[in-house]
There are 2 protein chains.
Amino acid sequence: MAGVSPRTVSNVVNGYARVTESTRLKVEQAIAQLGYRPNVLARHLATGRSGQIVVVVPYIDTPYFAELLQAIIPVARQAGYNVLIDQSDGDREHEGQLIGPHSHRSLFDGMIYSPLGLSQQDLSNRDPALPLVVIGERTSAANFDHVGIDDVAASTEAVRHLVSLGRRRIAAIGDQPYPTGEAAQRRTAGFRAAHAEAGLEVDESLIVSTPRFNRVDGAEAMKALLELDSPPDSVFCYSDLVASGAIHTALARGLRVPEDIAVIGYDDIEDGRYNRPTISTISPDKREIARLAVERLVMRIGSKEPVPGVDLKAGYRLVARESTTGSY
Amino acid sequence: MAGVSPRTVSNVVNGYARVTESTRLKVEQAIAQLGYRPNVLARHLATGRSGQIVVVVPYIDTPYFAELLQAIIPVARQAGYNVLIDQSDGDREHEGQLIGPHSHRSLFDGMIYSPLGLSQQDLSNRDPALPLVVIGERTSAANFDHVGIDDVAASTEAVRHLVSLGRRRIAAIGDQPYPTGEAAQRRTAGFRAAHAEAGLEVDESLIVSTPRFNRVDGAEAMKALLELDSPPDSVFCYSDLVASGAIHTALARGLRVPEDIAVIGYDDIEDGRYNRPTISTISPDKREIARLAVERLVMRIGSKEPVPGVDLKAGYRLVARESTTGSY
DNA sequence: CTGAAAGCGCTAACAT
DNA sequence: ATGTTAGCGCTTTCAG
């Protein structure tokens, strides 16, 4: 209809080569008139790419991951990719299967992965043909990238905030002193750094470990802390969910938050803004994380040569809300 | 390698026509030896199907939907379909766009849809070429199916349970007396039915509406109920999240659950099993819902002629936990 | 800058 | 029951 060859149409549609303004116009008009839509399936076959990326998170319904997912989807769509969502359940075997050799086979072109059960070791042994970007936990390695915020610095800032409010007996809920708990350990490192900075001693009995980062864990950890002979005057929780549980316990015990005990969380999930009191938190820039991860993954997918793994840091900020400052 | 034609290989791979045992063996051996894997992309192009279905839920991170999603994914995968997840945010416009004409265009073969903002009207006006199964809200229509549980019966049973425990002033939290609140209204209908059955009057002031079915809504509704001159002795909440919020408020007011006020929810989300007290609830058979929805959708996708819309009912059961019985 | 034509790897009507 | 073969609709090498 435009009087040109498929080649030219393809060029116009994909914005490839330089096409004369006049022919481009002709083609675009024909496209509009015909209501033509490229057949995605055919394109996939021709290019050998599925146009899909999969993002694997431990749990879909954990607010932090759900929000991250919601940030990733539009960015990926923008870049021409569809997003497949997979839940690993923090199951080591399942996670291993996902990144194992040929797990994909034309189902997806790359993976954004938030590991829980897998060690750095596992991650490095994976199918090197699978473009991979890891989010949150772990650090990068030779053949994949990592996107996250500076956990140590962010945690230091969170604790520094408590110190600045005059708190001195500061507890930490969420440490995970084992190989797969790297992210938690970085937060503990920040916790210690802030103490050092302020010339405070760390009372080791105030650092409590939890298997996961959810409400129940927070509630029980807080209970333990409140039963100490000398309970803390403030708590740094490694997730907002933990903070929510911890606050719940404190209130149930008749304590006032933040007057009797200040609580700060991590993640800035929406729930925290509606909690009573609203929860102070470290707010990672989820959009930036999403953007960096997708950009990097798309680059990897497009690259012919192997790409060296890099560590990308997104921004974050401290958001002071009622659970520490008490004011509105 | 097996000395047969592509046609035969295709037959074996897809289990199509009758293939001689001997040739099938030869082919299977060759497949194993070569490590052959069918190219999904090519198959898609040849069949004109993408092998993907999309499931649209209002909010990914609402536990009920997240659990439903987790039930659907394996079933769909089993049936050879990949699952795309989309969140509508309960946004009417967005939802309309999703089911509008040509919204899909080879991106997916069918849709499982849990509407929130769309009316029955919108749903019927959609692109009739898109195979559709609706979950939860609404009822079926000429050109799509509906899968759900019998909300009226289930709600009746929930309230009957309260009655059987000797409760007489029973409240309901979650009514939505407007066009898009059909599911809520069915629960209210069950609430009334149980009253009629027991010869109890319905006190209209005990039926409180909420915009959504979440914790905050439940907490605030409960607050209103407790401020009545003659507060209820039990509450039927239209979701477990609502129940969780309601219980929270009750406990914060120093009431005992269930002694002072019994609470029953709906959905049987995992959180309810860990709540303190654990939450009694109506437990829809999510696996059956998933199975029915996928089966029906696959059938629709495969069918050449238009399929009449049907209403499929999945099972459910009453699960009595601490929030009503108090026992463990 | 544009055209011609060869696939991408599979399925399925048609033939035997 | 199995072989032949023509596409599916696009991308892309090679010419011009």
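A note on names: the letters A, B, ... follow the listed sequences, proteins ahead of strands, and every chain is numbered from 1. These numbers were taken from a predicted model, which means no experiment stands behind them.
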*Set of side-chain contact (heavy atoms from CB on, under 4.5 Å) partners for B:I85, sequence neighbours left out*: A:I60, A:I85, B:I60, B:L69, B:I73, B:V83
_Expressed as a whole number of angstroms, how long is the span from B:R49:CZ to D:dG9:C1'?_
18 Å
*Expressed in angstrom and rounded to an integer, what is the separation of A:L45 atom CG from C:dC10 atom C1'?*
8 Å
*Given atom CG of A:L41 and atom P of D:dT11, what is their separation to the nearest angstrom?*
13 Å
Going by atom type alone, with no hydrogens or angles, which donor-acceptor pairs under 3.5 Å involve a side-chain atom of residues 284-291 of chain B and a protein atom two or more places apart or on another chain?
{"from": "B:D285", "atom 1": "OD1", "to": "B:R287", "atom 2": "N", "distance (Å)": "3.2"}
{"from": "B:D285", "atom 1": "OD1", "to": "B:E288", "atom 2": "N", "distance (Å)": "3.0"}
{"from": "B:K286", "atom 1": "NZ", "to": "B:E67", "atom 2": "OE1", "distance (Å)": "3.1"}
{"from": "B:K286", "atom 1": "NZ", "to": "B:D267", "atom 2": "O", "distance (Å)": "3.0"}
{"from": "B:K286", "atom 1": "NZ", "to": "B:D268", "atom 2": "O", "distance (Å)": "3.0"}
{"from": "B:E288", "atom 1": "OE1", "to": "B:G315", "atom 2": "N", "distance (Å)": "2.8"}
{"from": "B:R291", "atom 1": "NH1", "to": "B:E295", "atom 2": "OE2", "distance (Å)": "3.2"}

_Taking the minimum atom-to-atom distance to the side chain of B:A42, which one of C:dC1, D:dG9, C:dG9 wins?_
C:dG9
*With nearest nucleotides of DNA chain D determined for B:T23 and A:V9 from heavy-atom distances, which residue corresponds to the more 5′ nucleotide?*
B:T23
*Quick one: B:K26 NZ to D:dT2 C1', roughly how many Å, whole number?*
11 Å
_Distance test, side-chain N/O of B:S10 to OP1/OP2 of C:dT11, below 4.0 Å_ = yes
*asked:* Quick check: closest heavy atoms across A:G51 and A:D109, and the distance to 0.1 Å?
replied: N-OD2, 2.7 Å
*Whole-Å gap separating P (C:dC1) and CG (A:N11)*: 10 Å
*Taking atom C1' of C:dT11 as reference, at what distance in whole Å does atom CG of B:N39 sit?*
13 Å
*Identify which nucleotide among C:dC14, D:dT12, D:dC8 has an atom closest to any side-chain atom of B:R7, counting heavy atoms from C-beta outward.*
C:dC14
_From C-beta outward on A:T47, which listed nucleotide comes closest to its side chain: C:dC10, D:dG9, D:dT12?_
D:dT12
*Rounded distance in Å - NE2 (B:H44) to C1' (C:dC8)*: 14 Å
_Let's see if you can work this out: which of D:dT2, C:dA13, C:dC10 has an atom nearest to the side-chain heavy atoms of B:T8?_
D:dT2
*Check step by step if side-chain contact (heavy atoms from CB on, under 4.5 Å) holds for A:V147 and A:V134.*
CA-CA 6 Å; A:V147 176; A:V134 168; over 6 Å; no
*Have a look at the helix from C:dC1-D:dG16 to C:dT16-D:dA1 and give the angle its two end axes make, five pairs each, rounded to 10 degrees.*
30°
_Heavy-atom side-chain proximity of B:M111 to B:V55 below 4.5 angstrom_ = no
*Going by an N to O cut-off under 4.0 Å, is there a salt bridge joining B:D150 and B:K313?*
no
*Please give, in whole Å, the distance from D:dC8 C1' to A:R43 CZ?*
15 Å
_Please pick, from D:dG3, C:dG9, D:dT2, the nucleotide with the shortest atom-to-atom distance to any side-chain atom of B:V4._
D:dG3
